[in-house]
Amino acid sequence: MEIAVFSAKPYDRDYLDAANAAHGHRLKYFEVPLDGETVGLAAGHGAVCIFVNDNADAAVLEALGHGGTKLVALRCTGFNNVDLNAARDLGIKVVRVVDYSPNSVAEHAVALLMAINRKIHRAYNRTRDFNFSLDGLMGFDLCGKTVAVIGTGKIGRVFGKIMLGFGCDVIGYDTFPSPQFEAMGARYAMPGEISVSADVISLHCPLTPDTYHIIDADALSRAKRGALLINTSRGGLIDTEAVINALRSGQLGGLAIDVYEQEAGVFFRDLSGTIITDDMLQRLVTFPNVILTGHQAFLTREAVTTICETTLQSVTDFESGKPLANEINAG
Ligand code: NAD
């Protein structure tokens, strides 16, 4: 099948080309994201392959349909950037990668937590300048602390399991509790208990209308003073302005994020040397107790291999009329 791959980076090409040896699709790579201005590039391609910050809203999907696209293949898990109702009405199928290495994201969340707690980012910068002072680098033992996992799905459970290994009391909140979460030694708690007792809160739920700004000024005011907040899920889970205020007042002890609400157009690009016009992003990076990575939690060899193989298998299944194991349907 002809596949238009948007937001294509060098590693996308390498891993998709390698996976395509088993499929023989014709891949056309576009560095630009899919949006209202670029959608014309997809004309004549039966499938488009998109990533987290591509925009498949109703207007874009309509243009895709006119161009002959029948399948939108997300090479990621989250699908908040696709209008599923519009896709259904247009007869365009949507697939995603439901299950790739949850370890990749969970381990990155742990890396962020360890770095923000033990100030590794600051120590790294200091020692490169032969500054071996320890002032301001005090952290806390994770062993014995309470870690809250919001969203105890595949990634949240792996994260929780690693935290149990650190000797933490792992509590969770999920609208669909999982027996596996409790079986591994964690327990569910109500939001009230989480607020009062969590030293660390890590977000692992999808971005939906229900979870939009789940961490807002109110939630932050109820949290334990000095708690650390980790977000490797989606930027829209956090009200950034409220978080900045909580960092300023010391209510929030630290923030480590791999995702940012306004990341589209900024992340996945080298903007060094340019003026960043997003004041909130500018502000965030000035805090010594904030670490930001650019949506790289998925970026391990194992995860990207699985993502590419699964994506191309979905396209092959679609082409041969087989059931689509990873199809997303409008709710
Ligand atoms: P999953 O579907 O296995 O788990 C998500 C869990 O969140 C489910 O158990 C669900 O019931 C729960 N949930 C839904 N609404 C909730 C709510 N209102 N409150 C609490 N819990 C709620 O998904 P997953 O594979 O674990 O992925 C989780 C998220 O991680 C994805 O949605 C995606 O946004 C993000 N992600 C980020 C990266 C990255 O590179 N940073 C990579 C992959 C996934």
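Quick note: residue numbers are just sequence positions, from 1. Only a predicted model underlies this, so the values are computations on that prediction, with no experimental measurement involved. Each ligand, and each atom within it, is numbered from 1 in the order the structure gives.
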Visitor: Look at atom 44 (C) of ligand 1 and say which protein heavy atom is nearest, naming residue and atom and giving the distance to 0.1 Å.
Guide: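 Going by distance alone, atom 44 (C) of ligand 1 is nearest to I155 CD1, 3.6 Å.
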
Visitor: So for ligand 1, is T211 a polar contact partner (N or O within less than 3.5 Å, distance only)?
Guide: no

Visitor: Please compare D174, T208, I214 and report which has the shortest non-hydrogen distance to atom 9 (O) of ligand 1.
Guide: D174

Visitor: Distance-only, no hydrogens or angles: does the R222 side chain make a donor-acceptor pair with backbone N or O of A217 under 3.5 Å?
Guide: no

Visitor: Side chain, backbone, both or neither: which applies to V105 and ligand 1 if a contact is any heavy-atom pair less than 4.0 Å apart?
Guide: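 The side chain, only.
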
Visitor: What protein heavy atom is closest to atom 2 (O) of ligand 1, reported as residue, atom name and distance in Å?
Guide: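 Answer, as residue, atom name and distance: K154 NZ, 4.0 Å.
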
Visitor: Is T175 near ligand 1, meaning one of its heavy atoms is under 4.0 Å from it?
Guide: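 Within the 4.0 Å threshold, so yes.
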
Visitor: What protein heavy atom is closest to atom 4 (O) of ligand 1, reported as residue, atom name and distance in Å?
Guide: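 Of every protein heavy atom, G153 CA, 3.2 Å lies nearest to atom 4 (O) of ligand 1.
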
Visitor: Are side-chain N/O atoms of N329 and R88 paired as donor and acceptor at under 3.5 Å?
Guide: no

Visitor: What atoms of ligand 1 come closer than 4.0 angstrom to any heavy atom of A297?
Guide: 39 (C), 40 (O), 41 (N)

Visitor: List the closest protein heavy-atom neighbour of atom 42 (C) of ligand 1: residue, atom name, distance to the nearest 0.1 Å.
Guide: Y100 OH, 2.9 Å

Visitor: With a 6.0 Å cut-off (strictly less than), is the heavy-atom count around CD of E241, excluding the residue itself, greater than 12?
Guide: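 Atom CD in E241 is not crowded, with 12 or fewer foreign heavy atoms closer than 6.0 Å.
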
Visitor: Is it true that, when you exclude F132 itself, more than 12 heavy atoms of the residues, nucleotides or ligands shown sit nearer than 6.0 Å to its CZ?
Guide: yes

Visitor: Just jot down the ligand 1 atoms closer than 4.0 angstrom to any heavy atom of H295, in number order.
Guide: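 Counting atoms of ligand 1 from 1, those under 4.0 Å from H295 are 39 (C), 40 (O), 41 (N).
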
Visitor: Closer than 4.0 Å to some heavy atom of D258 - which atoms of ligand 1 meet that?
Guide: 39 (C), 40 (O), 41 (N)

Visitor: In terms of relative ring orientation, are F298 and H295 parallel, tilted or perpendicular, with 30° and 60° separating the classes?
Guide: perpendicular

Visitor: Do H213 and E261 pair up side chain to side chain, a donor and an acceptor below 3.5 Å, judged on atom types alone?
Guide: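 Note: H213 and E261 side chains meet the donor-acceptor criterion.
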
Visitor: Has N55 got a side-chain atom pairing as donor or acceptor with D57's backbone, closer than 3.5 angstrom?
Guide: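 Looks like yes, one N/O pair under 3.5 Å.
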
Visitor: Are any of the N/O atoms on T232, whether in the backbone or the side chain, positioned under 3.5 angstrom from an N/O atom of ligand 1?
Guide: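 Yes: some nitrogen or oxygen of T232 is under 3.5 Å from one in ligand 1.
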
Visitor: Among all protein heavy atoms in this structure, tell me which lies nearest to atom 28 (C) of ligand 1, with the distance rounded to 0.1 Å.
Guide: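 Here the closest protein heavy atom is H204 O, 3.3 Å.
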
Visitor: For atom 29 (C) of ligand 1, which candidate among G151, P191, S233 holds the nearest heavy atom?
Guide: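 Among G151, P191, S233, the closest heavy atom to atom 29 (C) of ligand 1 comes from S233.
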
Visitor: Answer yes when D169 and K145 have at least one side-chain N-carboxylate O distance shorter than 4.0 Å, and no when they do not.
Guide: no

Visitor: Considering distance alone, does some N or O of F298 sit under 3.5 Å from an N or O of ligand 1?
Guide: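 There is such a contact, yes.
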
Visitor: Run the salt-bridge test on E182 and R187 with the 4.0 Å N-O cut-off and return the result as yes or no.
Guide: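 Salt bridge: no.
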
Visitor: Tell me every residue that passes ring pair (Phe, Tyr, Trp, His ring centres under 6.0 Å) with F140, counting only those two or more places apart in sequence or in another chain.
Guide: none

Visitor: With a 3.5 Å cut-off and sequence neighbours excluded, list the donor-acceptor pairs that the side chains of residues 197-207 form with protein atoms.
Guide:
unit_1, atom_1, unit_2, atom_2, d
S197, OG, E193, O, 2.7
D199, OD1, K224, NZ, 2.9
D199, OD2, T146, N, 2.9
S202, OG, H204, NE2, 2.8

Visitor: Do me a favour and list the nearest non-hydrogen protein atom to atom 19 (N) of ligand 1 with residue, atom name and distance?
Guide: Y173 CE2, 3.8 Å

Visitor: Identify the protein heavy atom lying closest to atom 36 (N) of ligand 1, giving its residue, its atom name and the separation to 0.1 Å.
Guide: R234 NH1, 3.8 Å

Visitor: Give me the nearest non-hydrogen protein atom to atom 7 (O) of ligand 1 as residue plus atom name, then the distance to 0.1 Å.
Guide: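 Scanning the protein heavy atoms, the shortest distance from atom 7 (O) of ligand 1 goes to P206 CD, 3.3 Å.
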
